[in-house]
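Quick caveat: nothing in here was measured; it's all calculated off a predicted structure. Values reported hereafter were calculated over all heavy atoms of this structure, with side chains retained and with hydrogens, waters and symmetry mates removed.
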Amino acid sequence: MKILQIIPSFELAGAETMVQDLILSQKAMGHDVSAISFFDYDTPITKKLKENHVNIYFLHKKRGGDFSIIKRIRDVVKNLQPEVIHTHLDTIYSFLATIGLENITKIHTVHNIAEKETDSLRQWILRPIYKNKKVTSVALTQKIQETIC
């Protein structure tokens, strides 16, 4: 299965380490896994992923609002043609970029309660996406799940 993991960056932190481990587990299971990082810098996580032959697409996002990233995400998706897109943390641009791509399964892991994961405007935008089942949300705990529905 072709899987695309999307995360804002691969800084050394909990969610990023979890995504690294998930990618390596998926590769070990025989899946074709690639990753997108919004920001373009190498870390110990990106080095480990590259050592394990994971393609990482750095999108050179500018700080703050950068809607041009939507096209760059769509270009990667069109090129890779993944069966699954799995997003993490505040990746609202990913949701916007994949609108209309109904043939791709979309999963979003929420790593923290909604108020800490993203701002209220983005929560307001994401709520109908979750409710309409355009994206399947996965929460690390039941408490987190209750904050996103």
Side-chain angles (χ1 to χ4, degrees), residues 1-11 13-41 43 45-46 48-62 64-114 117-119 121-142 144-149:
M1 178 180 308
K2 281 182 133 176
I3 303 169
L4 177 60
Q5 296 284 348
I6 304 177
I7 191 161
S9 75
F10 280 107
E11 296 177 29
E16 294 80 0
T17 301
M18 190 211 88
V19 172
Q20 167 202 271
D21 294 345
L22 179 60
I23 289 170
L24 295 177
S25 294
Q26 290 170 332
K27 281 205 57 92
M29 293 168 57
H31 298 295
D32 179 1
V33 187
S34 299
I36 285 179
S37 173
F38 290 177
F39 299 101
D40 57 327
Y41 49 86
T43 68
I45 292 174
T46 60
K48 185 170 186 175
L49 292 175
K50 288 176 183 179
E51 287 170 3
N52 284 276
H53 310 288
V54 174
N55 290 327
I56 304 172
Y57 297 85
F58 295 101
L59 299 186
H60 316 290
K61 182 185 176 300
K62 299 173 193 154
D66 180 4
F67 289 100
S68 67
I69 197 169
I70 294 170
K71 182 185 180 324
R72 293 193 295 275
I73 293 168
R74 257 187 110 81
D75 289 346
V76 172
V77 170
K78 283 181 183 178
N79 180 47
L80 289 178
Q81 298 184 345
E83 297 163 73
V84 175
I85 295 175
H86 188 168
T87 60
H88 303 267
L89 299 173
D90 185 15
T91 53
I92 191 167
Y93 298 107
S94 305
F95 296 121
L96 298 175
T98 60
I99 288 174
L101 300 176
E102 305 305 327
N103 59 330
I104 300 173
T105 300
K106 298 174 209 96
I107 301 167
H108 178 70
T109 297
V110 182
H111 294 263
N112 206 335
I113 61 172
E117 182 118 344
T118 192
D119 61 44
L121 174 62
R122 291 179 180 167
Q123 289 176 47
W124 180 80
I125 293 169
L126 293 174
R127 195 162 283 120
I129 293 172
Y130 290 142
K131 287 189 188 262
N132 293 329
K133 305 295 184 204
K134 300 290 183 188
V135 175
T136 301
S137 63
V138 177
L140 297 183
T141 68
Q142 182 61 36
I144 292 170
Q145 185 67 36
E146 291 167 6
T147 70
I148 60 174
C149 294

One should read off an interatomic distance between Gln81 CD and Asn103 CG, to the nearest 0.5 angstrom, of 8.5 Å

Above 12 or not: heavy atoms from other molecules or residues under 6.0 Å from NZ of Lys2? yes

Look at the side chain of Lys61 and the backbone N and O of Ile69, then say whether any donor-acceptor pair between them is shorter than 3.5 Å. no

CD1-CD1 distance between Ile3 and Ile107, expressed to the nearest 0.5 angstrom: 8.0 Å

Pairwise side-chain contact, Leu89 with Glu16, heavy-atom cut-off 4.5 Å (strictly under): yes

Polar side-chain atom of Thr43 near backbone of Phe10 as donor-acceptor pair, under 3.5 Å: yes

Taken to the nearest 0.5 Å, the spacing of Asp66 CG from His60 NE2 works out to 11.5 Å

Atom OG1 of Thr87 and atom CD1 of Ile6: how far apart are they, to the nearest 0.5 Å? 6.5 Å

Closest approach of Ser9 to Ser37 (non-hydrogen atoms, all atoms of both residues): CA-OG, 3.4 Å

Taking side chain to side chain contact (heavy atoms under 4.5 Å, CB included) as the test, write out the residues that go with Asp21, two or more places apart. Thr17

What residues form a side chain to side chain contact (heavy atoms under 4.5 Å, CB included) with Lys48, not counting sequence neighbours? Gln20, Leu24, Asn52

So, for Phe58 and Tyr41, which heavy atoms are closest and what is the spacing to 0.1 Å? CE2-O, 3.7 Å

Asn55: partners by side chain to side chain contact (heavy atoms under 4.5 Å, CB included), with sequence neighbours left out: Ser34, Tyr57

At what distance, to the nearest 0.5 angstrom, does CD1 of Ile56 lie from OG1 of Thr46? 5.0 Å

Grab the two heavy atoms, one from Lys62 and one from Phe39, that are nearest each other, plus how far apart they are. O-CE2, 4.3 Å

For residues Leu22 and His88, determine if any side-chain heavy atom of one lies less than 4.5 Å from a side-chain heavy atom of the other. yes

If you measure from CD1 on Ile23 to CE on Met18, what distance do you get to the nearest 0.5 Å? 9.0 Å

